[in-house]
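What follows is a single structure, written as structure tokens, with notes after it.
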Amino acid sequence: MAREFSRLLSLHVFIVLWCLGTFVVSFAPQVPCYFIFGDSLVDSGNNNELVTKAKANYRPYGIDFPQGITGRFTNGQTMADIIGQFLGFREFIPPYATATDKQISTGVNYGSGSAGIREESGSHLGDRISLDRQLLHHKSTISRLSRSQRKTLKKCIYIVNIGSNDYINNYLLYDIYNTSQIYSTDQYAEVLIQQYSRQLRTLYRLGGRKVVVFGLTKIGCTPNEMNKFGTDGKPCVESINNAIKLFNDRLMPLVDELNNNNTDARFTFINLTSILSPLGDVPFPSTPCCHVREDWQCVPNSIPCMIRTLSIFYDGFHPSEISNIIIATRSYVGVLPMDASPYDISQLARL
Ligand SMILES: *[C@@H]1O[C@H](CO)[C@@H](O)[C@H](O)[C@H]1NC(C)=O
Ligand SMILES: *[C@@H]1O[C@H](CO)[C@@H](O)[C@H](O)[C@H]1NC(C)=O
Ligand SMILES: *[C@@H]1O[C@H](CO)[C@@H](O)[C@H](O)[C@H]1NC(C)=O
């Protein structure tokens, strides 16, 4: 498995270098702007000033990031950062919390650690910006744009990567949230999808036409959930992965439905199960790279593992930069037909 993983890595590192090479010679971004919605998988500092335990603005987060500590929940770049580079943006898209009027014309990052599709998800950790509130922030961004900038919104790329906290920091915390008493996993997937459907339609009404919707990863394979629930001799917590599959299996048809109902829109679905399948159900080193505290985030100022390109996870939940590179690369240019459908991001950008 270790050998397979390093083979996979070298292939991806090659593709990334090739794409970055293309990016260096291109003069302008492929689309006028790039907007990012989601949770800690994409947060670039929006939680720094919030009262919450879900913060990553301390060492050893950011140890491999050019600007150091920023609030990103990983050692280096997030998947949203890397996709931004592929799209040709020279600067990182600024977090909403600090974005200036000049910066917002090329896009804003609304992502917030511990946030979910549902308002209450993550609330036991403190404040967070739920997807509904991220959409309100987007509305306010649009009101700050000039008339000519507003006209370009239909050409921009929007990515949405959210839903993990509706499980990790809601449904799976039986003592704190009551969703698991109210809904079966099937019903819960359905109510999440109904709410997500409304939210994606709001994004459409706000001008989003090229929208990338990320499916969820196999949350039952994160170090935290494996430790908490046990795996019963299996590689991962199967009951959690089954619950996640019920969500993903509804999300892709939702994307198709949004495309059918709105003929001028291009929504696309990214299948992280497919992208991460070589690492899938084979036991893989699921030990976090950093030393984790009780809540499975990194211990402040601790020394992380040395060879970070060999760790899938940076802390107990979050992918390391190398995992983000794999995800971003294959969302940008699909390798298997299942990776991105109906479009990968490079196709979406050109449409
Ligand atoms: C579940 O908890 C929420 C608060 O998070 C509360 O408003 C609601 O009434 C509860 N529902 C049930 C059926 O207990
Ligand atoms: C698509 O349109 C049908 C028929 O009008 C409607 O019932 C359905 O809710 C719409 N779905 C979405 C996701 O917009
Ligand atoms: C994602 O890809 C996996 C592996 O190829 C496949 O089994 C699954 O059905 C796909 N999921 C969706 C929602 O298309």
Side-chain angles (χ1 to χ4, degrees), residues 8 114-128 130-132 135 158 160-167 169-206 208-209 211-221 235-236 238 241-282 326-327 330-331 334-344:
L8 184 74
S114 84
I117 293 169
R118 288 169 72 86
E119 191 62 38
E120 84 271 12
S121 297
S123 55
H124 70 291
L125 296 169
D127 207 1
R128 72 256 158 247
S130 65
L131 185 52
D132 280 334
L135 288 161
Y158 301 75
V160 193
N161 192 343
I162 202 154
S164 302
N165 290 307
D166 297 291
Y167 288 92
N169 286 312
N170 187 332
Y171 195 84
L172 297 171
L173 295 179
Y174 311 138
D175 303 338
I176 305 179
Y177 299 88
N178 60 17
T179 42
S180 63
Q181 288 148 33
I182 301 173
Y183 305 113
S184 69
T185 50
D186 200 53
Q187 290 165 336
Y188 191 60
E190 184 58 36
V191 296
L192 284 181
I193 289 292
Q194 281 171 11
Q195 187 164 356
Y196 205 3
S197 171
R198 287 192 292 275
Q199 290 159 334
L200 291 171
R201 281 177 279 162
T202 300
L203 182 54
Y204 174 84
R205 275 199 303 280
L206 294 173
R209 293 295 180 273
V211 183
V212 183
V213 182
F214 281 79
L216 302 185
T217 55
K218 293 184 172 176
I219 288 169
C221 301
C236 299
E238 300 223 315
N241 287 346
N242 292 339
I244 298 301
K245 190 172 185 308
L246 294 171
F247 176 85
N248 287 336
D249 284 348
R250 284 178 169 84
L251 187 52
M252 184 149 127
L254 170 61
V255 164
D256 290 336
E257 202 179 314
L258 289 164
N259 282 329
N260 290 336
N261 284 14
N262 308 289
T263 48
D264 61 339
R266 325 270 189 175
F267 286 82
T268 195
F269 173 75
I270 304 295
N271 184 340
L272 293 179
T273 309
S274 174
I275 290 177
L276 299 171
S277 58
L279 312 175
D281 275 337
V282 193
I326 295 175
I327 293 169
R330 282 179 64 168
S331 331
V335 174
L336 297 176
M338 278 281 193
D339 288 356
S341 57
Y343 318 101
D344 63 30

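None of the values given here were measured: they were computed from a predicted structure. Read the numbers this way: they start at 1 and go in the same order the structure lists the ligands and their atoms.
- Listed by chain and number, the residues in a salt bridge (Lys or Arg N to Asp or Glu O under 4.0 Å) with Arg118 are Glu120 (sequence neighbours excluded).
- Distances below 4.0 Å separate heavy atoms of Arg201 from the following atoms of ligand 2: 14 (O).
- Near Ser197, meaning under 4.0 Å from any of its heavy atoms, are these atoms of ligand 2: 13 (C).
- Close approach of ligand 3 to Asn248 is summarised as follows: ligand atoms under 4.0 Å from at least one heavy atom of the residue are 13 (C).
- Short contacts between ligand 3 and Asp249, defined as distances under 4.0 Å to a heavy atom of the residue, involve ligand atoms 13 (C).
- Closest approach of Leu206 and Leu135 over heavy atoms only: CD1-O, 3.8 Å.
- Residues Ser121 and Asp166 bring a donor and an acceptor atom of their side chains to less than 3.5 Å of each other.
- Atom-to-atom distance recorded for Asn248:CG and Leu254:CG is 12.0 Å, nearest 0.5 angstrom.
- Listed for the Asn271 side chain is a donor-acceptor partner under 3.5 Å among the backbone atoms of Thr273.
- The CG atom of Leu172 sits 10.5 Å away from the OG1 atom of Thr185 when rounded to the nearest 0.5 Å.
- No side-chain donor from either of Ser114 and Asn165 sits under 3.5 Å from a side-chain acceptor of the other.
- Ring geometry, Tyr167 versus Tyr188: the interplanar angle exceeds 60°, so the pair is classed perpendicular (tilted spans 30 to 60°).
- Considering backbone and side-chain N/O atoms, Thr273 never comes within less than 3.5 Å of an N/O atom of ligand 3.
- Considering backbone and side-chain atoms together, Asn261 places an N or O closer than 3.5 Å to an N or O of ligand 2.
- Ligand 2 places these atoms under 4.0 Å from at least one heavy atom of Leu258: 13 (C).
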Output, or 'none' if empty, a list of ligand 1-protein atom pairs in which both atoms are N or O and the distance is under 3.5 Å, rounded to 0.1 Å.
residue: ligand 1; atom: 2 (O); partner: Asn178; partner atom: OD1; Å: 3.4
residue: ligand 1; atom: 2 (O); partner: Asn178; partner atom: ND2; Å: 2.3
residue: ligand 1; atom: 11 (N); partner: Asn178; partner atom: ND2; Å: 3.0
residue: ligand 1; atom: 14 (O); partner: Asn178; partner atom: ND2; Å: 3.2

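- When only modelled atom types and interatomic distance are considered, Thr202 and Arg198 share no side-chain donor-acceptor pair under 3.5 Å.
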